[in-house]
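Below: the structure, in structure tokens.
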Protein chains: 2
Amino acid sequence: MTVTLADVAARAQVSPATVSRVLNGNYPVAASTRERVLKAVDDLDYVLNGPASALAAATSDLVGILVNDIADPFFGIMAGAIQSEIGGPGGRAGGERLAVVCNTGGSPERELTYLTLLQRQRAAAVVLTGGAMEDAAHQAAVAVKLRKLAEAGTRVVLCGRPPAPDTGAIALTFDNRGGGRELTDHLIGLGHRRLGYIAGPQERTTTRHRLEGHRAALAAHGIEEDPRWAVHGRYDRQSGYEATLELLRRDPSLTAVVAANDSVALGACAALRDSGLRIPDDVSVAGFDDLPFSIDAVPALTTVRLPLAEAGARAGRIAMGREEAPPGGIATVRGELMVRGSSGGPRE
Amino acid sequence: MTVTLADVAARAQVSPATVSRVLNGNYPVAASTRERVLKAVDDLDYVLNGPASALAAATSDLVGILVNDIADPFFGIMAGAIQSEIGGPGGRAGGERLAVVCNTGGSPERELTYLTLLQRQRAAAVVLTGGAMEDAAHQAAVAVKLRKLAEAGTRVVLCGRPPAPDTGAIALTFDNRGGGRELTDHLIGLGHRRLGYIAGPQERTTTRHRLEGHRAALAAHGIEEDPRWAVHGRYDRQSGYEATLELLRRDPSLTAVVAANDSVALGACAALRDSGLRIPDDVSVAGFDDLPFSIDAVPALTTVRLPLAEAGARAGRIAMGREEAPPGGIATVRGELMVRGSSGGPRE
DNA sequence: TGCGGTACAGCAAGCGCTTTCTATGCAGTA
DNA sequence: TACTGCATAGAAAGCGCTTGCTGTACCGCA
């Protein structure tokens with residue numbers, strides 16, 4: 001049937017132990033022997049049995065990356081950066097690792113199940129990306145899992161996600177609150193006083209933090225927020241489109257719309273245009289994240305750039321133990337305000 | 001240390017065999033015993049050892065999805081659809097599977113390494129998405145691997161990728177040639193005679209097929225292509241921007257630019273605008289794929305819609321054996337021309 | 001010449017699970 | 001009462017690999 005270590009050993013006239021050592025390169029083997037073994041491996045097209053190896057060595061070369069929505073470039077960019085550092089194939093260092101990304105679709109159950117699955121596989125490391133759900137029970141369940149993983153020797157890193165106290169997880173957190181505040185500060189600075197806000201899904205840390213930043217800016221400038229000015233939706237374009245129409249219906253006098261992210265902002269732009277409003281002359285629009293397409297919006301989107309690739313790369317290195325964890329196990333990654341054409345002074 | 005099957009067995013006062021049977025549910029176990037076992041599992045927080053299980057059962061619950069660029073929604077959308085059908089957690093059927101996506105970054109070596117890694121893990125199925133590299137040696141190497149995988153019982157499905165003859169792989173192929181042809185037909189129909197083409201990376205089936213479709217349309221209308229009209233680049237926005245400037249430099253009289261995909265088209269739009277040209281009044285632009293953001297371009301992008309999610313879902317079902325393979329193991333998935341604002345008649 | 005040291009190579013004991021085969025108990029049947 | 005058959009449960013043999021420990025040469029040095 002399939003070729004085993006023993007087959008290779010037989011062909012190379014050595015013991016299985018020697019073959020294993022040649023393959024792992026962690027024990028001295030005479031050059032001539034090594035060559036003989038390698039030749040046999042090649043001749044037989046031998047492929048190591050991963051599960052058997054993992055079982056015997058009590059380690060695995062699997063690294064899991066959890067994302068909320070794999071179809072969203074926000075996660076894709078981070079995942080790509082993480083994966084490239086994990087070394088996967090082609091990465092610089094060490095044994096080859098299977099860096100795999102798992103799509104939770106924003107579902108708490110799936111998140112938990114994936115964690116269990118990775119725990120089952122005795123993953124070498126796990127990176128969780130993006131905002132967390134705020135349901136208390138779920139958070140507790142995740143915390144327990146993370147602690148278990150850490151105890152079992154799996155390195156756990158959070159990238160773009162708030163810290164999980166007492167779990168041993170390293171956190172690279174995005175300063176969503178600060179970014180949101182800066183963005184709204186900018187709009188207020190331009191003279192806006194009536195700002196709509198399209199928030200992301202309820203019960204998500206990212207959603208809440210960005211909204212809090214927005215409100216902090218309003219408060220700092222003594223602007224009282226009208227409850228009609230905030231709408232919740234999903235993190236996608238269509239949601240932005242619908243929410244904007246709703247906002248316009250509720251209060252046509254709005255002069256600016258702040259969106260939870262760039263995709264939502266794009267939908268907002270479309271809705272405004274379809275409503276016969278010019279950007280930014282009639283209404284200013286702002287996004288968040290600065291995804292690649294945002295600069296191509298017309299006008300180009302004012303937004304907050306998050307260093308997704310850099311943060312992902314760093315998370316990947318930390319997960320691989322190739323970079324030291326930040327002091328206290330927590331680092332805050334700041335965004336950068338990108339002022340572009342979609343924001344301008346309010347109409348008269 | 002970690003809890004094992006034996007620990008659970010001891011606590012439930014049964015043999016390890018019984019615990020295994022309860023967990024796998026493939027053998028009659030008295031209800032009372034089952035409950036006792038389940039309780040013990042719960043009490044001890046037992047988590048199955050994946051590698052051990054895979055070794056003993058000679059099967060694995062891993063399913064691999066290979067993508068060329070995880071940061072590109074083109075792949076993200078397909079991967080998400082595949083994964084949701086694989087069942088991963090939350091999926092409808094059967095035992096939980098770990099659907100993992102692997103990012104090759106378009107590198108042949110990484111593609112091969114990932115295949116080996118998945119082979120090593122004795123993956124239950126593998127789905128390869130997107131265009132293939134056209135290097136003969138590489139294609140042969142991949143073919144060999146795919147055959148090996150198939151022989152070892154791994155189901156192999158190609159999604160949006162040309163068939164791989166004699167490998168036993170099921171192929172769901174996109175009709176890139178037909179789509180490209182239809183798109184250019186449309187532009188020619190509008191009156192264009194001088195069309196620039198921004199192709200994707202060399203040596204990629206997708207690149208070649210789309211370009212062939214374009215040329216077939218030109219030929220069908222008796223238009224002789226000027227060699228200056230085609231430029232190769234990457235599948236991203238920046239590449240589209242640069243290529244468009246180059247195209248404009250080579251021949252300012254072009255009245256239309258056809259891009260290899262939507263991201264490239266977006267870059268093209270930006271370059272045209274920055275060059276003081278209006279779309280579509282001065283130059284028409286067309287993309288390919290119809291990614292979500294394409295409709296938000298200004299003007300909205302004329303493009304070819306590929307049913308990425310549908311194809312992915314189908315590939316996922318086939319990989320899980322939940323849907324029958326198409327006759328002959330090959331199915332062609334057609335695109336649909338989406339005529340929007342970015343294309344219009346040529347300027348005088 | 002003899003002995004410690006070094007450099008390899010092999011033996012064999014698991015790693016934690018699955019599964020075949022073999023009990024065992026008890027109900028049903030003759 | 002004796003026997004067959006079914007429903008469960010357990011014993012034990014691996015699955016293919018890693019690794020601690022045990023040789024066995026052979027070298028250098030005293």
Side-chain angles (χ1 to χ4, degrees), chain A residues 1-38 40-41 44-62 95-96 117 119-124 152-153, chain B residues 1-38 40-41 44-62 95-96 117 119-124 152-153:
Chain A
M1 253 273 355
T2 32
V3 183
T4 72
L5 236 209
D7 299 331
V8 176
R11 183 168 237 266
Q13 317 237 50
V14 296
S15 72
T18 301
V19 177
S20 170
R21 298 204 256 248
V22 168
L23 261 25
N24 290 299
N26 51 9
Y27 196 85
V29 173
S32 64
T33 313
R34 177 197 320 288
E35 255 172 56
R36 209 147 24 94
V37 170
L38 256 18
V41 166
L44 299 176
D45 265 331
Y46 171 68
V47 175
L48 187 71
N49 182 317
S53 167
L55 172 57
T59 63
S60 140
D61 51 6
L62 212 71
E96 270 148 8
L117 246 26
Q119 184 182 5
R120 216 175 252 192
Q121 301 299 328
R122 308 300 191 245
Chain B
M1 253 255 15
T2 31
V3 183
T4 72
L5 235 210
D7 299 332
V8 176
R11 182 167 237 268
Q13 317 237 52
V14 296
S15 72
T18 301
V19 177
S20 170
R21 297 203 258 248
V22 168
L23 261 24
N24 291 300
N26 51 9
Y27 194 87
V29 172
S32 64
T33 313
R34 177 197 319 288
E35 255 173 55
R36 209 145 27 93
V37 169
L38 257 17
V41 166
L44 299 176
D45 264 331
Y46 170 68
V47 175
L48 188 72
N49 183 316
S53 165
L55 172 58
T59 63
S60 141
D61 52 5
L62 212 72
E96 271 148 8
L117 246 28
Q119 185 182 3
R120 214 175 254 192
Q121 301 299 330
R122 308 299 191 248

Exercise. Think B:T33 has a side-chain N or O under 4.0 angstrom from the OP1 or OP2 of D:dA9?
Worked result: yes
Exercise. Roughly how many Å is it from CG in A:N26 to C1' in D:dT18, rounded to a whole number?
Worked result: 9 Å
Problem set entry | Separation of C:dG16 P from B:L5 CG (nearest whole Å) | 10 Å
Problem set entry | Minimum-distance nucleotide to A:T18 side chain [options: C:dA9, C:dT18, D:dT18] | C:dA9
Seminar exercise, completed: Picking from D:dA11, C:dG16, C:dT18, the nucleotide nearest the side-chain atoms of B:L55 would be C:dG16
Exercise. Taking for each residue the nucleotide of DNA chain C with the nearest heavy atom, is it A:A31 or A:P16 whose nucleotide lies nearer the 5' end?
Worked result: A:A31
Exercise. Is a donor-acceptor contact shorter than 3.5 angstrom present between the side chain of B:R120 and the base of D:dG16?
Worked result: no
Exercise. Does B:S53 put a side-chain nitrogen or oxygen below 4.0 Å from OP1 or OP2 of C:dC17?
Worked result: no
For this session: Please determine if a side-chain N or O atom of A:N49 lies less than 4.0 Å away from the OP1 or OP2 oxygen of D:dC15.
Result: no
Exercise. Among the nucleotides D:dA9, C:dG16, D:dA12, which one has an atom lying closest to any side-chain atom of B:V29?
Worked result: D:dA9
Exercise. Tell me, do B:T4 and B:N49 make a side-chain contact under 4.5 Å, heavy atoms counted?
Worked result: no
Problem set entry | Which nucleotide in C:dG16, C:dC17, D:dC17 has an atom nearest any side-chain atom of A:L48 | D:dC17
For this session: Check whether any side-chain heavy atom of A:Q13 sits under 4.5 Å from a side-chain heavy atom of A:T18, and report yes or no.
Result: no
For this session: Answer with base, sugar-phosphate or nothing: what part of the nucleic acid does A:A58 contact at a heavy-atom distance below 4.0 Å?
Result: nothing
Problem set entry | Among C:dA9, C:dG10, D:dG16, the one nearest A:A30 by side-chain distance | C:dA9
Exercise. Are A:R34 and A:V14 close enough that some pair of their side-chain heavy atoms sits under 4.5 Å apart?
Worked result: no
Problem set entry | Spacing of A:Q13 atom CD relative to C:dA9 atom P, expressed in whole Å | 13 Å
Problem set entry | B:V47 and A:R122, any side-chain heavy atoms less than 4.5 Å apart | yes
Exercise. Looking at A:S20, does any N or O in its side chain come under 4.0 Å of the phosphate oxygens OP1/OP2 on D:dC17?
Worked result: no
For this session: Can you check whether any acceptor in the base of C:dA9 is under 3.5 Å from a donor in the side chain of A:Y27, or vice versa?
Result: yes
Exercise. So, does the side chain of B:R21 form a donor-acceptor pair with the base of C:dT20 at under 3.5 Å?
Worked result: yes
Exercise. Choosing from C:dC17, D:dG10, D:dC17, which nucleotide comes nearest the side chain of B:V14?
Worked result: D:dG10
Problem set entry | Rounded distance in Å - CG (B:L23) to P (C:dG16) | 16 Å
Exercise. B:A56 side chain: which of C:dT18, D:dG16, C:dC11 is closest?
Worked result: C:dT18
For this session: Could you pull out the closest heavy-atom pair between B:R120 and A:P51, with the gap in Å?
Result: O-CD, 3.4 Å
For this session: Please evaluate the base of D:dG16 for a donor-acceptor partner in the side chain of B:R122 within a cut-off of under 3.5 Å?
Result: no
Let me check something: any side-chain donor-acceptor pairs from residues 19-32 of chain B under 3.5 Å, sequence neighbours excluded? List them with distances.
| unit_1 | atom_1 | unit_2 | atom_2 | d |
| --- | --- | --- | --- | --- |
| B:S20 | OG | B:N24 | ND2 | 3.3 |
| B:N24 | ND2 | B:S20 | O | 2.9 |

